[in-house]
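Keep in mind that the numbers below use all heavy atoms, side chains included, and drop hydrogens, waters and symmetry copies. Worth saying up front: this structure is predicted, and the values here are computed from it rather than measured.
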Amino acid sequence: IKFDNDPFSRWDADQNLMRKAILSRTNGVVNIELESCLIDTLQDIVLSANEKDSIVISKLLSVPGFSELETYLDRYDPISLYTARNSFVSFLGKKLAHPLKNLLDRSRLDSSLNWPKGQKARRNISICWSLLAAGGDIEVLTEVLFAVTSNSMTLAKSALFALRPIDCSEREIAMHQFYAKWKNKPVILDSWFGFSASIPINNSLSKVNQLLNHPRFDSRSPNAIRAVLVGLALNVPLFHSPDGAGYEFMFNQLIDLDNKNPITASRICKVFTKWKSYKNPYKEKILNVLNRLEKEKLSSNTKEVVDLLIN
């Protein structure tokens with residue numbers, strides 16, 4: 001990672017090590033030696049980054065996503081994977097706080113430049129915000145909140161993304177501010193609906209119901225529907241609730257949606273794609289939902305997808 005001249009090889013090695021660390025945590029084991037070496041390497045790279053390194057630095061700091069990690073597992077608990085990934089991100093944010101703040105300071109100078117000149121700086125800022133916020137840095141929460149109402153849509157969405165998994169007052173304020181600014185722009189407001197549905201909070205299903213009945217939610221718009229229902233699927237603690245409430249909610253939404261927009265319904269059914277790899281009770285509860293869907297009078301599009309998922 002530190003000495004290879006090929007950017008792709010550096011990124012690939014970095015991602016492999018991060019995956020190993022997270023998958024180890026998923027199994028309840030923290031690989032201290034691996035994680036310590038990774039921290040030392042990333043710290044050196046960030047603090048000593050030259051122009052060449054700065055091109056790939058945001059990639060090296062990016063943690064593999066939940067859906068990507070799923071492809072490397074079989075017979076796993078999705079909640080355990082989600083928790084393991086979050087704990088690893090928090091670990092990086094705490095251990096790399098100094099180099100991340102250093103990178104943040106350097107990147108601010110070019111962040112306001114028009115695309116493509118400021119693109120690299122905005123990517124660096126985005127990843128720094130996410131890691132520092134996850135690490136519990138109080139100062140960065142204030143900066144992120146300010147960015148939500150900035151003129152840069154990239155930074156505004158990055159700010160929401162950084163705040164999404166953090167249970168803090170800044171998250172609620174940020175969501176209100178983003179909505180207030182863009183409530184008359186349906187295309188942009190879809191992002192707000194998606195973020196809102198994906199936030200892991202208590203009574204999340206009630207929140208998702210409120211979104212589907214929101215006065216500015218367009219139930220005829222495939223993009224708006226997809227934003228909320230895919231947002232629900234990204235809300236891992238809710239969607240994969242062990243009692244099956246998330247799956248049941250999705251079942252009811254798919255039945256209703258298939259009568260109105262079968263193409264969109266068939267696409268959203270794919271949120272159940274990984275079900276065979278899950279442990280019980282997740283696996284059996286999703287299979288129950290799919291079997292019930294199969295018995296419904298579905299459109300040909302949705303029925304084809306459901307049949308493929310079951311078989």
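Side chains of Asn223 and Ser221: no donor on one and acceptor on the other come within 3.5 Å. Judged purely by distance below 3.5 Å, without hydrogens or angles, the side chains of Lys157 and Ser191 pair a donor atom with an acceptor atom. In this model, a donor atom of one side chain and an acceptor atom of the other lie less than 3.5 Å apart for Ser299 and Thr302. Inspection of the Arg10 and Asn5 side chains reveals no N or O donor paired with an N or O acceptor under 3.5 Å. Under 3.5 Å, the side chains of Glu284 and Tyr278 contain no donor-acceptor pair of N or O atoms. In this structure, a donor-acceptor pair under 3.5 Å is absent between the side chains of Ser152 and Arg122.
Cation-pi check for Arg164 over Phe195 is not met; the charged atom does not lie both under 6.0 angstrom from the ring centroid and within 45 degrees of its normal.
Among Asp256, Thr264, Asp258, the one residue that satisfies the side-chain hydrogen bond (donor to acceptor under 3.5 Å, both in side chains) test with Lys260 is Asp256.
Side-chain rings of Phe272 and Phe251 stay apart, their centers remaining 6.0 Å or farther from each other. In this structure, Phe178 has its ring center no closer than 6.0 Å to that of Trp192.
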Practice problem: Applying ring-ring contact (aromatic ring centres under 6.0 Å, His included), run through His240 and Tyr82 and close with a yes or a no. | Solution: CA-CA 10 Å; His240 294 291; Tyr82 172 82; 9.4 Å; no
Practice problem: Verify side-chain hydrogen bond (donor to acceptor under 3.5 Å, both in side chains) between Arg25 and Ser87, making sure each step is shown before the conclusion. | Solution: CA-CA 8 Å; Arg25 283 178 177 245; Ser87 68; 3.0 Å; yes
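More than 12 heavy-atom neighbours from other residues, nucleotides or ligands sit within 6.0 angstrom of NZ on Lys276.
In summary, Glu296 and Lys303 do not engage in a salt bridge, as defined by a charged side-chain N under 4.0 Å from a carboxylate O.
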